[in-house]
Number of protein chains: 4
Amino acid sequence: MKPKTSRQQQALETKSKLIDAALRTFSRKGFSESTTKDIAKEAGVTDGLIYHYFQSKEELLWAILDKYTLLHSIRQALAAMDKQAPLEHNLTAYFQALIRNLHEQQDLIVMCFGEAQRIPEIRARVEDIIREGVELLYAFVAPQVHLAPQELLVAIRNVQTSMVFYFLMTARFAEDGTQSTEYIRISVKQFLKIVT
Amino acid sequence: MKPKTSRQQQALETKSKLIDAALRTFSRKGFSESTTKDIAKEAGVTDGLIYHYFQSKEELLWAILDKYTLLHSIRQALAAMDKQAPLEHNLTAYFQALIRNLHEQQDLIVMCFGEAQRIPEIRARVEDIIREGVELLYAFVAPQVHLAPQELLVAIRNVQTSMVFYFLMTARFAEDGTQSTEYIRISVKQFLKIVT
Amino acid sequence: MKPKTSRQQQALETKSKLIDAALRTFSRKGFSESTTKDIAKEAGVTDGLIYHYFQSKEELLWAILDKYTLLHSIRQALAAMDKQAPLEHNLTAYFQALIRNLHEQQDLIVMCFGEAQRIPEIRARVEDIIREGVELLYAFVAPQVHLAPQELLVAIRNVQTSMVFYFLMTARFAEDGTQSTEYIRISVKQFLKIVT
Amino acid sequence: MKPKTSRQQQALETKSKLIDAALRTFSRKGFSESTTKDIAKEAGVTDGLIYHYFQSKEELLWAILDKYTLLHSIRQALAAMDKQAPLEHNLTAYFQALIRNLHEQQDLIVMCFGEAQRIPEIRARVEDIIREGVELLYAFVAPQVHLAPQELLVAIRNVQTSMVFYFLMTARFAEDGTQSTEYIRISVKQFLKIVT
DNA sequence: AATGAATGAGTATTCATTCAT
DNA sequence: TATGAATGAATACTCATTCAT
């Protein structure tokens with residue numbers, strides 16, 4: 001860890017600012033409809049500067065994916081769980097963490113789902129996240145239930161994807177979290193019916 | 001029913017050809033990345049002709065939504081069901097019809113999900129389809145099970161959206177339908193666990 | 001004079017209708033901004049028909065110039081004058097006829113002046129009209145006044161061009177003719193001061 | 001007065017160059033027939049640059065009107081006059097200045113008259129110029145003559161508009177100024193007959 | 001004579017990218 | 001590091017013109 005001069009420090013901050021501005025812009029308008037001018041304006045810098053830090057507009061996309069991952073706080077949520085507590089309690093906590101995480105990373109989620117059909121690398125990334133999300137929850141739940149692995153994987157995948165869907169289409173436009181709470185309660189209950 | 005002269009007939013066919021070409025193009029490259037040149041080429045006509053039939057590229061989008069609906073064959077599948085048959089049998093048939101329908105309308109589905117985050121009208125259309133899909137299945141299933149309405153609605157919504165998700169991310173790239181068959185079998189089984 | 005069949009007759013009428021529609025359209029929007037679609041619509045026919053009667057959009061312009069001349073009613077006005085009447089009376093009548101004529105041929109005037117700077121043939125036409133107008137009035141006035149020919153020509157040219165200018169910029173937008181009457185009275189008075 | 005860096009200075013020059021190029025082009029071909037490519041070529045820059053400085057081709061038109069005014073040198077001519085000198089002398093000097101001014105601003109004049117019938121803002125501008133031109137000369141002449149104000153206004157308006165007309169149709173194509181000198185001499189003489 | 005579908009070159013405008021300062 | 005002027009290829013859309021019916 002070499003200490004950074006303030007010049008280097010500021011450069012890193014500018015680069016970071018650009019990545020965040022690009023994420024917000026891509027999320028709002030989609031990649032193709034976002035112009036580099038839009039992004040520069042959103043970041044509060046001038047047009048040309050993007051090309052000082054990135055080779056192209058597309059590279060900003062990869063930089064976003066490098067900078068952010070969806071699974072960090074999910075891993076945290078799982079790590080923080082008390083395996084002795086009832087499964088229902090833990091699942092509720094987990095799904096709450098998932099929805100909270102989706103809200104926090106809303107721009108990233110929206111952008112990824114918006115571009116997934118068009119940009120193979122984004123689709124691959126979405127698949128990776130889903131797969132890893134399934135594996136993480138599987139590792140936690142499997143020891144506690146009796147269900148054929150394949151069936152448990154389907155159950156986990158289904159509940160998680162429908163929750164993402166629910167977030168994208170409904171929850172992210174809701175003003176309070178009340179609806180989500182109820183949705184989670186029912187989903188957990190039904191998930192438990194399947195796995196136990 | 002006025003009889004069409006062959007001239008009028010051919011004009012209608014050209015218009016239809018343009019709508020289909022636009023759908024394929026939008027589905028493959030997304031709306032913004034599809035050029036009107038692309039679409040004209042795909043339809044086998046010259047650039048300018050698009051504007052003989054449509055006011056703008058965007059209007060092609062609305063024309064696609066006017067021409068196609070996702071729910072037609074779903075309604076057919078439900079209507080064809082024997083209510084005396086076991087629910088499991090009927091649900092399996094229904095989900096098979098759904099997956100088949102998604103395959104047939106692949107371009108429309110892919111385009112709608114690709115644009116839903118960016119174009120409000122498309123998102124509204126997706127929401128409508130989901131809502132109506134849920135209602136159709138609810139009307140069929142509700143009389144045969146004992147479950148609070150709200151919970152049944154969540155169960156139905158979740159199983160259908162996860163199936164759409166599954167289609168978008170996995171099934172549509174699979175060469176045979178074997179995987180889907182197994183996926184449907186498990187999903188039906190788990191859905192029955194919830195509702196009975 | 002061969003008698004026309006009704007078919008031939010109708011063809012002539014259609015052609016005439018197109019010329020008039022073109023004149024109105026050119027006058028309103030200018031030549032370049034008028035589309036053949038505009039003209040066809042104004043004439044109440046379909047796009048292609050123009051090319052049955054004319055080789056090009058430009059030919060419609062020449063057809064307009066062929067069909068209409070500005071000087072006809074001016075010649076009439078001059079012919080109808082009583083040479084025994086006082087010059088003031090005759091000049092007043094003449095300028096009234098001129099303004100009336102400009103009103104009647106408003107579209108032609110407006111179009112010609114709008115295009116004169118850009119289309120040499122139109123400018124030539126405008127020059128011709130001015131020259132002939134000057135000559136007509138000169139032939140009438142010259143015998144009645146004592147003024148060097150060159151000076152009389154300038155006086156006549158000036159009074160007529162400023163009247164056209166006045167029409168283009170002011171009179172054609174006025175709802176009643178009151179202003180014009182007063183304007184003519186003063187102009188005649190001042191013209192008489194020059195020539196007598 | 002902030003000092004401009006050479007960079008800012010050059011940008012201003014480029015913008016100015018574009019306005020002038022647009023004026024020449026509009027004057028020669030008319031607004032509608034002038035392409036942005038034409039203008040860029042005339043200015044010696046590439047197509048896209050126009051849109052770095054202006055929102056649209058139309059905005060170039062307004063920029064031209066902002067940059068240039070017709071009346072500056074007319075005001076100068078009037079200010080420079082010796083009120084003690086005979087009116088005839090002063091009027092001759094004034095009209096010479098007017099014709100000279102029209103020559104210098106030929107492109108602007110030609111463009112304005114070419115577009116006045118089609119573009120209301122241009123017509124309004126032309127009207128303003130005429131009105132102000134009339135008022136300027138009126139203020140100078142009125143104290144020296146005995147004529148009802150309304151009649152003096154008509155006289156001034158007529159002589160000035162016919163002079164503009166003369167310029168547009170004749171003088172601007174003449175190679176030497178001989179004709180104009182004679183034309184001015186006669187016009188002044190006749191104007192004096194009216195006002196004295 | 002009349003229709004309107006079809007063509008294709010052309011136009012204003014946009015935008016990712018470069019580069020001199 | 002940062003600016004923003006400059007480039008030029010690409011794009012949606014227009015329109016005069018042709019032509020089969």
Side-chain angles (χ1 to χ4, degrees), chain A residues 6-8 10-15 32-40 44-60, chain B residues 5-8 10-15 32-40 44-58 60, chain C residues 6-8 10-15 32-40 44-60, chain D residues 5-8 10-15 32-40 44-58 60:
Chain A
S6 80
R7 190 88 183 264
Q8 287 174 308
Q10 190 175 336
L12 283 177
E13 274 164 27
T14 302
K15 190 168 183 177
S32 315
E33 297 279 285
S34 299
T35 69
T36 51
K37 222 180 187 76
D38 288 335
I39 296 166
V45 300
T46 47
D47 303 23
L49 194 56
I50 288 175
Y51 292 86
H52 186 71
Y53 291 102
F54 304 94
Q55 305 264 12
S56 67
K57 181 177 147 185
E58 198 182 308
E59 212 184 60
L60 266 168
Chain B
T5 68
S6 77
R7 194 93 185 294
Q8 288 173 307
Q10 191 172 339
L12 284 178
E13 275 163 26
T14 303
K15 189 171 183 174
S32 315
E33 296 279 286
S34 301
T35 70
T36 51
K37 228 182 183 74
D38 288 337
I39 296 168
V45 299
T46 47
D47 306 19
L49 194 57
I50 289 175
Y51 295 87
H52 185 68
Y53 290 103
F54 304 94
Q55 305 260 16
S56 64
K57 181 176 143 187
E58 197 182 311
L60 267 168
Chain C
S6 78
R7 189 85 182 266
Q8 287 175 309
Q10 191 177 334
L12 283 177
E13 276 164 26
T14 303
K15 190 168 183 176
S32 314
E33 297 280 285
S34 299
T35 69
T36 52
K37 222 181 186 77
D38 287 336
I39 297 166
V45 301
T46 47
D47 304 22
L49 195 57
I50 289 175
Y51 292 86
H52 187 71
Y53 291 102
F54 304 94
Q55 303 265 12
S56 66
K57 181 178 147 186
E58 198 181 309
E59 213 184 58
L60 267 169
Chain D
T5 69
S6 78
R7 194 96 184 291
Q8 286 174 310
Q10 191 171 337
L12 284 177
E13 276 163 26
T14 303
K15 188 170 184 177
S32 314
E33 297 281 288
S34 301
T35 69
T36 51
K37 226 180 183 75
D38 288 337
I39 297 167
V45 300
T46 47
D47 307 19
L49 194 58
I50 290 175
Y51 294 87
H52 185 68
Y53 290 103
F54 305 94
Q55 305 262 15
S56 64
K57 180 177 146 187
E58 197 181 311
L60 267 170

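Below, chains carry the letters A, B, ... as their sequence lines are ordered, and counting in each starts from 1.
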Inter-residue atom distance A/Lys57.NZ - A/Tyr51.OH, 0.5 Å rounding
8.0 Å

Can you tell me the distance, in whole Å, between the CD1 atom of D/Ile50 and the C1' atom of F/dG8?
13 Å

Nearest 0.5 Å please: distance from the OH atom of A/Tyr53 over to the CG atom of A/Leu12.
8.0 Å

Could you pull out all residues at least two apart from D/Thr35 that satisfy side chain to side chain donor-acceptor pair (under 3.5 Å)?
D/Asp38

Residues forming a side chain to side chain contact (heavy atoms under 4.5 Å, CB included) with C/Gln10, sequence neighbours excluded:
C/Thr14

Using the closest heavy atom to pick a nucleotide of DNA chain E for each, name whichever of C/Val45 or B/Lys15 lands nearer the 5' end.
C/Val45

Pairing of DNA chain E as dot-bracket, 5' to 3': ( ) intra-strand, [ ] crossing, | other strand, . unpaired, with Watson-Crick or G-U pairs under 3.5 Å?
.||||||||||||||||||||

With sequence neighbours left out, the residues meeting salt bridge (Lys or Arg N to Asp or Glu O under 4.0 Å) with C/Glu33 are D/Arg118

Atom NZ of B/Lys15 and atom CG of B/Leu60: how far apart are they, to the nearest 0.5 Å?
9.5 Å

Would you say F/dA2 has OP1 or OP2 under 4.0 Å from some side-chain N or O of A/Thr14?
yes

Of all heavy-atom pairs linking D/Thr36 and D/Ile50, the shortest is O-CD1, 3.4 Å

Applying side chain to side chain donor-acceptor pair (under 3.5 Å), name anything that partners A/Glu59, two or more places apart in sequence or on another chain.
none

If the cut-off is 4.0 Å, is C/His52 near the phosphate of E/dA2, judged by side-chain N/O to OP1 or OP2?
no

Below 4.0 angstrom from OP1 or OP2 of F/dA2, is there any side-chain N or O of A/Tyr53?
yes

Treat primed atoms plus P, OP1 and OP2 as sugar-phosphate and everything else as base, then score nucleotides 15-21 of chain F 5' to 3': B for base contact with protein heavy atoms under 4.0 Å, S for sugar-phosphate contact only, - for none.
SBBB-BS

